[in-house]
Protein chains: 2
Amino acid sequence: MSRWGMAARTDALSRERIVSAAIAMLDDTGETGLTFRALAARLTTGPGALYWHVANKGELLAAATDAVLAGALAADATEQTPQHAIRTAAVGVFDAITAHPWVGAQLSGLASPSAVREVFERLGRQVQALGVPPSALFHAASALLNYVLGVAAQHAANARAVEPGTTRPAILEAESAAWTGLDPAAYPFLHTVAGELREHDDREQFLAGIDLILTGITAQNGPCAS
Amino acid sequence: MSRWGMAARTDALSRERIVSAAIAMLDDTGETGLTFRALAARLTTGPGALYWHVANKGELLAAATDAVLAGALAADATEQTPQHAIRTAAVGVFDAITAHPWVGAQLSGLASPSAVREVFERLGRQVQALGVPPSALFHAASALLNYVLGVAAQHAANARAVEPGTTRPAILEAESAAWTGLDPAAYPFLHTVAGELREHDDREQFLAGIDLILTGITAQNGPCAS
DNA sequence: ACCTGAACACCGTTCAAGT
DNA sequence: ACCTGAACACCGTTCAAGT
């Protein structure tokens, strides 16, 4: 055995190295920037080598999504009120897709069924803890999941639509201006809320939606149910 | 002028013919089936000819989405209660993406900002009619939109994931079995609702979510607000 | 067992050339 | 003005050949 026999070759390929390189590449070049050729070049190898460790591009994207989401859902809130635990889980996903917009596309596109299952379980378990009866449980948890995935899809889409340098306020400013320019008679609502779009905070709005659904869930099963 | 001078050449290319051929192709071969080569072949021309009428594939998909959604939102409900009008608009989108799953991907991916704006306006206007105060209006309408887009994204993803022949009950059966097979201690929620997944109706569940959010909206602004 | 890189079968898109 | 179709610049993926 040579003197270096025990040292791990840091440049040896492995599934983990490929996945983390893919995440880095997705983060700084976007969804379109990840190609097997570019990824192989980054790992100083040929594209064919990657196929020994991952089956195809879809599996690679799913693995990258799983890795990011595992970190996002790491905080399992046991000592919280169910409402708070739901907010924690939802915000965990939100923050993950804010940091890695491409995760939003993968998640809402069901690229990783196991990741979606994990999110659904986290949300559903707390809805259960909320005391929602079995008959309403599935619908309530599904509403939360669909909402979260809807936000995820839009974040990914927004990141894809603009050129990398564009700042969020600039985007909101442009869209707000578009709404202001619409015919008030044909678009009374958009015209009214154009100002709020410009000033709103994405994270705060996301949480407001979660709270709205939570209010609906408790109201339908509480004293004020219609 | 020849005898046929007034007759429109039915084989002449036009934006409308290209878009409707694209819709037909998307419907029966899925998102991956639409290529400029195949579309050109269907219209008995070369791929380059299409570029005279549409700028690129993205514009074509946006135009196809707009065309389908315009039909879906055609019924403008003026003589309804706001709640009913919201359900009508939401169900219009739902039915459109059920009939054309690829529309779900385009819509949730913001491929056509104008289409999303139209849906947002429809929903928001009725939330306004519900008597929601200006301060809560934007959040309330956004919650509805995000929920609708989340469902849209998942429908498209489901259609993409399975081979064309698979029937919906078969999919639900498979996913339900997967949930049943999970460790009950690790996945108490999924284990509990596995049975309901198998029996649930997609459209009914979609509407239940809409109603949940509507309940939340009215509760937050009504006598039972916390 | 793992890596290499040329090659295959596609894409979207362009553009000189036609009518 | 509109259409043609070969060509360009890419992809994901495969696979004989190496080590």
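Within every chain, numbering begins at 1; the chains are lettered A, B, ... in the order of the sequence lines, protein sequences first and strands thereafter.
Under the 3.5 Å distance criterion, the side-chain polar atoms of B:Arg17 are matched with a main-chain donor or acceptor of B:Ala12. Distance alone, capped at 3.5 Å, places no donor-acceptor pair between the B:Ser108 side chain and the B:Gly150 backbone. Although no hydrogens or angles enter the test, the distance criterion places no donor-acceptor pair under 3.5 Å between the side chain of A:His155 and the main chain of A:Ala152. Judged by distance alone, the side chain of A:Ser176 and the main-chain N or O of A:Ala194 form a donor-acceptor pair under 3.5 Å. Distance alone, capped at 3.5 Å, is enough to place a donor-acceptor pair between the B:Tyr147 side chain and the B:Phe206 backbone.
B:Phe36 has its CZ atom 18 Å from the C1' atom of D:dA6, to the nearest Å. In this structure, CG of B:Leu50 is placed 13 Å from P of D:dG5, rounded to the nearest angstrom. The nearest whole Å value for the distance from the CG atom in B:Leu39 to the P atom in C:dT13 is 12 Å. Between B:Arg37 atom CZ and D:dC8 atom P the separation is 14 Å, expressed in whole Å. The CZ atom of B:Arg15 sits 18 Å away from the C1' atom of D:dC3 (whole-angstrom rounding). Atom CG in A:Leu13 sits roughly 5 Å away from atom P in C:dC3 (whole-Å rounding). The NE2 atom of B:His53 sits 13 Å away from the P atom of D:dA1 (whole-angstrom rounding).
A heavy atom lying under 4.0 Å from DNA chain C marks the following residues of residues 27-35 of chain B, by number: B:Leu34, B:Thr35. Non-hydrogen atoms lying under 4.0 Å from DNA chain C are contributed by nothing in residues 104-111 of chain A. Near DNA chain D, meaning a heavy atom under 4.0 Å away, there are no residues from residues 56-68 of chain B.
Taking the side chain as every heavy atom from C-beta outward, A:Leu145 and A:Val116 approach each other to under 4.5 Å. Two residues are said to be in side-chain contact when any heavy atoms from C-beta on lie closer than 4.5 Å; B:Asp211 and B:Arg87 meet this criterion. Annotation: side chain of B:Asn146 is in contact with side chain of A:Gln154 (closest heavy-atom distance under 4.5 Å).
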key: From CA spacing to verdict: side-chain contact (heavy atoms from CB on, under 4.5 Å), B:Phe94, B:Asp202   = CA-CA 10 Å; B:Phe94 180 88; B:Asp202 290 328; 4.1 Å; yes
request  = In sequence, state the C-alpha distance, the side-chain angles, and the governing distance for B:Arg117 and B:Glu121, and then conclude on salt bridge (Lys or Arg N to Asp or Glu O under 4.0 Å).
outcome  = CA-CA 6 Å; B:Arg117 269 200 281 259; B:Glu121 170 67 29; over 6 Å; no
inquiry  = As a quick check of understanding, evaluate side-chain contact (heavy atoms from CB on, under 4.5 Å) for B:Trp102 and B:Asp27, giving each step before the final call.
reply    = CA-CA 8 Å; B:Trp102 53 272; B:Asp27 284 346; 2.8 Å; yes
inquiry  = As a quick check of understanding, evaluate side-chain contact (heavy atoms from CB on, under 4.5 Å) for A:Val162 and A:Asn158, giving each step before the final call.
reply    = CA-CA 7 Å; A:Val162 305; A:Asn158 279 325; 6.0 Å; no
query = Given the rule in the side-chain contact (heavy atoms from CB on, under 4.5 Å) test, do B:Asp95 and B:Arg203 qualify, once you have shown the distances and angles that lead to the verdict?
reply = CA-CA 8 Å; B:Asp95 288 343; B:Arg203 202 167 189 269; 2.8 Å; yes
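For A:Trp52, no side-chain nitrogen or oxygen approaches OP1 or OP2 of C:dC3 to under 4.0 Å.
Looking at A:Leu73, A:Leu107, A:Val93, A:Val103 one by one, the single match for side-chain contact (heavy atoms from CB on, under 4.5 Å) with A:Val68 turns out to be A:Val103.
Counting only Watson-Crick or G-U wobble pairs whose defining distances are both under 3.5 Å, the stems of 3 or more consecutive pairs in DNA chain C are C:4-8 with D:12-16, C:12-16 with D:4-8.
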Show which side-chain atoms of residues 47-63 of chain A pair as donor or acceptor with protein atoms under 3.5 Å away, not counting sequence neighbours.
residue, atom, partner, partner atom, Å
A:Asn56, OD1, A:Gly58, N, 3.2
A:Asn56, OD1, A:Glu59, N, 2.9
A:Lys57, NZ, A:Leu34, O, 2.9
A:Glu59, OE1, A:Arg15, NH2, 2.5
A:Glu59, OE1, A:Ala55, N, 3.3

message = At under 4.0 Å between heavy atoms, how does the protein contact nucleotides 14-19 of chain C? Give one character per nucleotide, 5' to 3', with B, S or -.
response = BB----
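Rounding to the nearest 0.5 Å gives a distance of 8.5 Å between CZ of A:Phe36 and CD1 of A:Ile18.
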